[in-house]
Enquirer: 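The structure's right below; bear with me while I get my questions together.
Here the structure is a predicted model, which means the values were calculated and not measured. Within every chain, numbering begins at 1; the chains are lettered A, B, ... in the order of the sequence lines, protein sequences first and strands thereafter.
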Number of protein chains: 2
Amino acid sequence: MSTPGRGLHGHVLDTLGPAITAGEYPAGSVLRTDELAQRFDVSRSVMREAVRVLESMHLVESRRRVGVTVLPACEWNVYDPQVIRWRLAGADRPRQLRSLTVLRSAVEPVAAGLAARHATPEQCAELTECALGMVANSRGHRLQEYLVHDVAFHRVILTASGNEMFARLGDVVAEVLAGRTHHEVMFEDPDPAAVTLHVQVAEAVREGDADRAERLTREITVGALQELDILAP
Amino acid sequence: MSTPGRGLHGHVLDTLGPAITAGEYPAGSVLRTDELAQRFDVSRSVMREAVRVLESMHLVESRRRVGVTVLPACEWNVYDPQVIRWRLAGADRPRQLRSLTVLRSAVEPVAAGLAARHATPEQCAELTECALGMVANSRGHRLQEYLVHDVAFHRVILTASGNEMFARLGDVVAEVLAGRTHHEVMFEDPDPAAVTLHVQVAEAVREGDADRAERLTREITVGALQELDILAP
DNA sequence: GTGACTTATAAGTCTGACTTTTTGGTTCCG
DNA sequence: CGGAACCAAAAAGTCAGACTTATAAGTCAC
């Protein structure tokens with residue numbers, strides 16, 4: 001996915017990144033650039049570039065006379081799309097999926113409210129189209145087609161909010177929705193109530209009703225939380 | 001701040017990063033590694049490491065026979081703390097501050113609600129202490145001392161939420177609060193109502209009243225939005 | 001045991017030669 | 001005139017090796 005194998009250092013990252021985020025090297029582990037270079041059969045220059053990238057993600061720290069130290073998970077740049085992808089591909093996928101879903105539940109309602117205020121006519125149209133696409137594919141095991149429209153729907157909401165930080169979460173939401181469809185629950189057709197909510201959100205945004213858009217989106221995200229059993233007992 | 005001058009490539013980044021995020025090189029601009037290396041008087045290896053880091057932040061893209069192309073702002077990893085710092089230090093500081101404040105307004109109330117459910121006794125105590133510290137420094141131009149406790153308060157909330165994604169926004173919130181105190185409004189003592197709200201949030205969290213904690217925190221963030229004139233007419 | 005000194009180590013840096021990919025032009029044929 | 005195949009240049013990518021620098025850790029004298 002995304003941009004695989006953009007050079008040798010990319011290949012190294014595709015191996016080291018997942019290994020570190022999966023906890024294969026516990027925090028405090030020390031690696032040596034030269035040894036890694038040998039192990040991956042690349043030159044030191046290439047290895048150094050890879051380490052620099054890991055360092056910019058705060059996955060490791062490089063210090064003279066010590067080596068490359070793996071940092072504790074609380075230091076990681078968990079918003080880096082690459083890190084998110086690595087973690088979703090690894091062992092703590094469930095944990096990551098929960099974190100992201102909680103984040104969604106905080107952000108998307110507010111984004112929907114803002115979208116109701118700022119969405120352009122084109123975005124409103126697109127939103128309606130997505131909602132209709134969801135309806136059209138909500139029955140008969142058309143999960144793949146449903147997913148496409150679902151992802152597009154949430155992307156438009158986030159973009160139309162006019163907030164760049166929200167907009168950049170589009171990929172994250174896409175990943176979560178895709179993950180839900182492919183690996184987790186959802187073996188049968190999507191919940192009709194959720195579909196209806198999406199249609200209503202599109203309505204609210206079109207009519208510029210920020211409060212209603214926010215409230216309805218909150219219902220959607222509450223549903224997402226419940227699917228993962230994230231709720232007070 | 002943070003980790004300045006961690007090697008030559010760090011110095012290059014400290015110059016190139018701000019320049020790019022400030023829009024000094026418009027999207028699509030093409031740079032050449034060799035030329036940059038000459039300009040910064042470093043070897044190509046060092047320059048390449050710097051470019052790799054910028055690439056991992058999606059600020060630039062490096063392609064053979066083309067060069068290093070500056071990417072449009074919508075591609076940037078705007079959650080990267082380094083990128084946030086660069087942008088806050090640059091020309092679109094106001095815009096960045098608004099984006100972050102809106103993000104806060106979405107995240108913090110939810111985080112407070114979760115904190116009410118998950119906070120340990122120690123965190124509750126710390127929270128109360130912070131609130132008291134805010135009260136104690138809310139009068140008599142003790143802005144610096146007030147800020148310290150304010151930042152600590154929000155950090156505890158985000159951490160106590162138990163969500164790693166929220167916890168990592170501590171630095172961002174700190175940056176926003178500091179920015180508000182130093183550069184923007186706030187030449188006089190903080191709003192007494194806001195101080196009271198913080199005390200009440202601490203109460204609500206201590207009592208495990210998630211709804212109240214969320215509602216009160218929402219009031220705090222609404223205040224922050226209003227300070228920046230972000231509200232519907 | 002404490003402090004100053006030494007040493008070994010691993011990252012950091014630089015240089016130069018070589019490889020690979022890709023673009024844009026050129027040529028040749030239909 | 002237009003398109004396909006070809007070629008050459010440009011810039012990133014890779015590698016190997018020599019050298020520098022910071023620093024953790026060990027050593028020794030006091």
Enquirer: Out of curiosity, A/E61 CD to A/L54 CG, how far, rounded to the nearest 0.5 Å?
Expert: 13.0 Å
Enquirer: Just how far, in rounded Å, is P of D/dA12 from CD of B/Q38?
Expert: 12 Å
Enquirer: Atom CZ of A/R6 to atom P of C/dT21: distance rounded to whole Å?
Expert: 17 Å
Enquirer: In this structure, how many angstroms lie between the C1' atom of D/dG17 and the CE atom of A/M47, rounded?
Expert: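 It works out to 19 Å between those atoms.
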Enquirer: A/V66 has a side chain; which of D/dA18, C/dA11, D/dA24 sits nearest to it?
Expert: D/dA24
Enquirer: Can you identify which nucleotide, out of C/dT13, C/dA17, D/dA12, has its nearest atom closest to the B/S62 side chain?
Expert: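 Closest nucleotide to the B/S62 side chain: D/dA12.
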Enquirer: Is the phosphate of D/dG13 approached by B/R52 (side-chain N or O, under 4.0 Å from OP1 or OP2)?
Expert: yes
Enquirer: Between atom CZ in B/R63 and atom C1' in C/dT20, what is the gap in whole Å?
Expert: 15 Å
Enquirer: Starting at atom NE2 of A/H11, determine the distance to atom P of D/dT14, rounded to an integer number of angstrom.
Expert: 12 Å
Enquirer: Is a side-chain donor-acceptor pair under 3.5 Å present for B/S99 with A/E164?
Expert: yes
Enquirer: For A/H149 and A/H154, run side chain to side chain donor-acceptor pair (under 3.5 Å): C-alpha distance rounded to whole Å, both residues' side-chain angles, the deciding distance at 0.1 Å, then the answer.
Expert: CA-CA 9 Å; A/H149 291 96; A/H154 290 276; over 6 Å; no
Enquirer: Is the base of C/dT23 touched by the side chain of B/R65 through a donor-acceptor pair closer than 3.5 angstrom?
Expert: yes
Enquirer: Decide if atom CD of A/E35 counts as having more than 12 heavy atoms of other residues, nucleotides or ligands within a radius under 6.0 Å.
Expert: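 Enclosed.
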Enquirer: Reckon B/S43 has a side-chain N or O less than 4.0 Å from the OP1 or OP2 of C/dT15?
Expert: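 Checking B/S43 against C/dT15: no side-chain N or O falls below 4.0 Å of OP1 or OP2.
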Enquirer: Between CD of A/Q96 and CE of B/M165, what distance do you get to the nearest 0.5 Å?
Expert: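 Reported value, rounded in 0.5 Å steps: 6.0 Å.
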Enquirer: Would the base of C/dT13 count as contacting A/R48 through its side chain, where contact means a donor and an acceptor less than 3.5 Å apart?
Expert: no
Enquirer: Please report the distance, rounded to the nearest Å, between CD in A/E61 and P in D/dA24.
Expert: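 Computing the A/E61:CD to D/dA24:P distance gives 11 Å.
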Enquirer: How would you label the contact of A/S45 with the nucleic acid (heavy atoms, under 4.0 Å): base, sugar-phosphate, or nothing?
Expert: base
Enquirer: Round to the nearest Å and state the distance from B/L54 atom CG to D/dA12 atom P.
Expert: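 Roughly 14 Å, once rounded to whole Å.
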Enquirer: Relative to the 5' end of DNA chain D, which residue comes earlier, A/R44 or A/E49, by the nucleotide with the nearest heavy atom?
Expert: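 The residue mapped nearer the 5' terminus is A/E49.
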Enquirer: When the distance from NE2 of B/H9 to P of C/dA11 is rounded to whole Å, what number comes out?
Expert: 15 Å
Enquirer: Looking at the side chain of B/R32, which of C/dC14, C/dA11, D/dA11 is the nearest nucleotide?
Expert: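 Taking heavy atoms from C-beta onward, the closest nucleotide is D/dA11.
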Enquirer: Under 4.0 Å between a side-chain N or O of A/R64 and OP1 or OP2 of D/dT20?
Expert: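 Checking A/R64 against D/dT20: no side-chain N or O falls below 4.0 Å of OP1 or OP2.
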Enquirer: Given D/dC15, C/dT13, D/dA12, which nucleotide is nearest the side-chain atoms of A/V46?
Expert: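 Between D/dC15, C/dT13, D/dA12, the one nearest the side chain of A/V46 would be D/dC15.
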